[in-house]
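Everything on this sheet refers to the single structure shown next.
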Amino acid sequence: MTGSVTLISESPEDPYSHGRAASVVLDRHGLVTGWSERARILVGYSAEEVLGHRAVELLVDPADQDLVLAASAACVRQRGWFGVVPVRARDGRRLGFGIRVRQVTRAEGLREWYLVAAPAEEVMQWEIDRSVLEGLFRRSPIGLSVHDPELNILRINRAIARLGGVSTEQARGHRIGDFLIRADAETVDMGLREVLRTGTPMIFTEQPCRVPGAPGKERYVSVSAFRMEDSAGRVLGVTQLVEDVTDGHRARRRLALLTEAGATIGTTLDVQTTAQELVQAAVPGLADCVSVDLLEAISRGEEPVADGGVGPVRRTAYRTVTPETEHLLFPVGTVNSFPKESPQARCLATGRPVLEPFIDITDTVTAPGHEVPEAAHAVHSLMVVPLTARGLVLGFVSLWRSRLPEPFEEDDLTLAGELASRAAVSLDNARRFTQQHRAALALQRRLLPRELPAHPAVVVAHRYMPAGGATGVGGDWFDVIPLSGARVALVVGDVVGHGINAAATMGRLRTAVHTLADLDLEPDEVLSHLDDLVTRLAGEQEEDIEGTPGEQVVGATCLYAVYDPVTRHCAVARAGHPPPAVVTPEGEVSITDLPAGPPLGLGGLPFEAAELTLAEGSVLALYTNGLLDVAQQDMEAGLSKLCATLAGPGRPVEEMAQAVVDELLPARPTDDVALLLAQTLTLAPELVATWELAAEPTAPSRARHLTAEQLAVWGLADMAFSTELIVSELVTNAYRYAGGPVTLRLIHHQRLICEVSDPSSTSPHLRRARSTDEGGRGLLLVAQLTARWGTRHTREGKTVWTEQTLPPLLGGPGPETLL
């Protein structure tokens, strides 16, 4: 081919054949047989001027020919060569060219040399780029894959080959999702196709990764993708960078789990709720099954002890995502003792976490008497972490793993310990709150009436609902207090605030109400005395500020009603309390219009009482404001709902009370609620006898005569002698010291009641007469003959009353009842 003219175009196969590179072909004698257009531009010779000529003589300065000949010899020995040689341009300029030479064998068996040349500085940059590219494919720890426009792999580096468990040759022609990315192939392809379509790179997208030989093992990679284009803007394919970020992914996931746990654990002051929040936070992010066991004393709210040992624990909460093991777990609420050799017992005894990467479920998790199904044997790894607060062990958390084949490791144990430590603080706070709450509840239960006494004046039903949540015990109370003359006092009150202070104040007020009720005061007078008491109590609390002052109870509300079954009159007064509702026998409901009165504790303001006349069978509904504040509704809406619930004729009070609870109260109200329903009764006219006697000397004699006749009618003739003595003494005192008409009334129900009323406000006093005194023994005699006696003042004067116990055969209690 010597002397032939062969024009060589730039070869797309060589990386230096584009841009400013030139192609030249030499035969084995060094004669130019090929000359590209780019070579003409760079050197200045046309193809006609160089073809058939020796390249050394034409393009190299004589002074540099030895260097070029040495390079030519190296080229022959190595069948290829790269280096920088001086080239003389047509205009005489001395140029430094980087030249890559490779040997070419033609079809006829002739060998030629194919040269690609470019300015030296560009060639050096190409070599640097080529070295970087080779480094990425051979030595880089970051995975690199090159894909054609159909997303088939053209080449991958060793890092990807190691991740996917394939060789670089095996990967060629496959998709990346076939052996590396553990996700839907369509999802992977969609991302790469979007990069191909838009040219917008995909940066640091995390994907789950397949692990050779361990299909369930967890590994994550970060994928970035870029579109490849040539100098003309043609799309050549996609390049992916793949980096193993499993450790970083796990660290971020653990941090996110801790952050979420910090926001979700300890939202309440309830031990069981806090334990349930702990297992919710740990499953499934850390384990497939988690249980919380607390020392039995802790579950009761008691103080933990330093030597709690391995003694019994109560299952407080658990959660599992593996149904095959759920029925094997100890149920919540059961008390268990683990063997001393078990991980749970060792953790509880030492207060240190226990990591068992490989375990047998039958030895650690199952309840006695249960058979282990085959599927449950997938549980293979266990951690037991102590719940420690203030240096004392409260219990432990057990964590199992089954679905993920990787066993627990030290990093998982550290994470579980952090979760447990956060939960332990919340559990200890909840335990202490439970302890205080139970003490307050016990105090409140003992201060509230356990059973209301049966009374001939009313049939009662009551409900008490303590506040739920952190508000705890409140100061609501109710009472049914028997009064003289077969009357009854109905009381409902509410102390401001919650907690032990409110409960204690409620107890003091309830005691005060009982004492004032025994004095037979009018309702407004009772509230006035209570107002003074609350003011004094608040003053005592303000003075006691040296220690822990606690919650200051500064007020209360109260409603006090007195019902007389003889007259059907009901006197009612209220101090800042909601008005009562009255249900008629026909089922119509109305809210009584009573003077409101100020709350107790304000001091100085008067209270007013109102008189109601109630038909027999009416229902008086007394309640605290917690009943109307449910669901944050306003007072008017609450009253309307209450009236609608109470409406309807002929309903038992127990049924009405339950209907109010079902309709108006949620499971755990936010405030204490006290409800008292009283259905009025009336004493039959034949059980009451009333006479008015003139204030004259014959009044005692007439009173004795009337009494004897009435007792004979009632079948109480055996009580005539003692009753006549009582009536005679009381009427005599009224005649002598009060003047005016005297009213005698006898009432026959569970006891025989005798009442003598006069217009005087002076009360008789019991005293012991000396042996030389002529009088003063009458009231002493009355006190000896009666079970109770006393004086009550009215607006028209006073009434002295006595109560005698009926014999057992006549409906009265037996002797043992009076002891």
Side-chain angles (χ1 to χ4, degrees), residues 441 444-445 447-455 457-468 471 473-481 488-496 498 502-503 506 509-510 513 556-561 563 570 572 574-584 587 589-592 594 612 614 617-648 651-680:
L441 281 177
Q444 187 185 47
R445 281 196 299 268
L447 294 176
L448 285 172
R450 295 187 179 182
E451 294 183 3
L452 296 178
H455 199 278
V458 288
V459 177
V460 297
H462 61 89
R463 295 291 187 273
Y464 179 79
M465 298 286 289
T471 54
V473 176
D476 291 17
W477 89 93
F478 58 91
D479 252 319
V480 176
I481 306 173
V488 65
L490 306 173
V491 190
V492 171
D494 183 3
V495 175
V496 174
H498 294 87
M506 176 269 288
L509 291 181
R510 181 168 177 255
V513 170
T557 65
C558 183
L559 187 146
Y560 189 91
Y563 174 69
C570 182
V572 187
R574 62 186 180 120
H577 205 82
V582 176
V583 185
T584 65
V589 185
S590 62
I591 302 298
T592 58
L594 300 178
L612 305 176
L614 301 177
S618 300
V619 176
L620 192 64
L622 312 181
Y623 50 89
T624 55
N625 61 358
L627 185 68
L628 305 181
D629 291 340
V630 174
Q632 298 181 349
Q633 59 189 0
D634 58 39
M635 182 70 72
E636 292 298 327
L639 287 174
S640 298
K641 195 170 185 180
L642 175 63
C643 292
T645 306
L646 293 173
R651 300 168 63 191
V653 287
E654 278 292 339
E655 178 184 326
M656 297 173 69
Q658 190 58 45
V660 171
V661 172
D662 295 340
E663 186 67 26
L664 272 71
L665 292 180
R668 300 185 69 178
T670 57
D671 192 10
D672 286 24
V673 175
L675 173 67
L676 179 63
L677 301 183
Q679 187 174 37
T680 61

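Here the options are Asp479, Leu675, Leu622, the test is side-chain contact (heavy atoms from CB on, under 4.5 Å), and the partner is Val492; only Leu622 passes. Residue Tyr623 forms a side-chain contact (heavy atoms from CB on, under 4.5 Å) with just one option from Val673, Leu676, Leu642, and that option is Leu642.
Closest of all the heavy-atom pairs between Glu654 and Ala461 is OE2-CB, 3.6 Å. The two residues Gly638 and Leu664 come nearest to each other via the heavy atoms O-CD2, 4.4 Å. Between Ala657 and Leu677, the shortest heavy-atom contact is N-CD1, 3.5 Å. Here the closest heavy-atom approach between residue Pro579 and residue Ile591 is recorded as CG-CG2, 3.5 Å. Between Val495 and Trp477, the closest heavy-atom pair is CG2-CZ3, 4.2 Å. Taking every heavy atom of both residues into account, Gln679 and Gly617 meet most closely at NE2-O, 3.5 Å.
Looking at heavy atoms from C-beta onward, Leu559 lies in side-chain contact with Pro580 at the 4.5 angstrom threshold. The shortest side-chain heavy-atom distance between Tyr563 and Leu620 does not fall under the 4.5 Å cut-off. Looking at Asp476 and Tyr464, their side chains come closer than 4.5 Å, going by heavy atoms from C-beta outward. Contact of the Asp672 side chain with the Thr624 side chain is not registered, since no non-hydrogen atoms from C-beta on lie closer than 4.5 Å. Leu627 has its side chain within reach of Val660: a pair of non-hydrogen atoms, C-beta onward, lies under 4.5 Å apart. With contacts defined as side-chain heavy-atom distances shorter than 4.5 Å, the pair Arg463/Leu665 does not qualify. Put simply, the side chain of Asp494 reaches to within 4.5 Å of the side chain of Asn625, judged on heavy atoms. The shortest distance between side-chain heavy atoms of Val619 and Val582 does not fall below 4.5 Å.
The structure places NE2 of His455 at 9.5 Å from CG of Leu490, a figure rounded to the nearest 0.5 Å. Here Gln658 contributes atom CD and Thr645 contributes atom OG1; the two are 12.0 Å apart, rounded to the nearest 0.5 Å. Taken to the nearest 0.5 Å, the CG atom of Leu448 stands 6.5 Å off from the CZ atom of Arg510. The CG atom of Leu639 sits 11.5 Å away from the OG atom of Ser590 when rounded to the nearest 0.5 Å.
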ask   = What do the steps show when you test Val480 against His462 for side chain to side chain contact (heavy atoms under 4.5 Å, CB included), and what is the final call?
value = CA-CA 10 Å; Val480 176; His462 61 89; over 6 Å; no
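Remark: Glu663 engages no residue in a salt bridge (charged side-chain N to carboxylate O under 4.0 Å, His left out) (not counting sequence neighbours).
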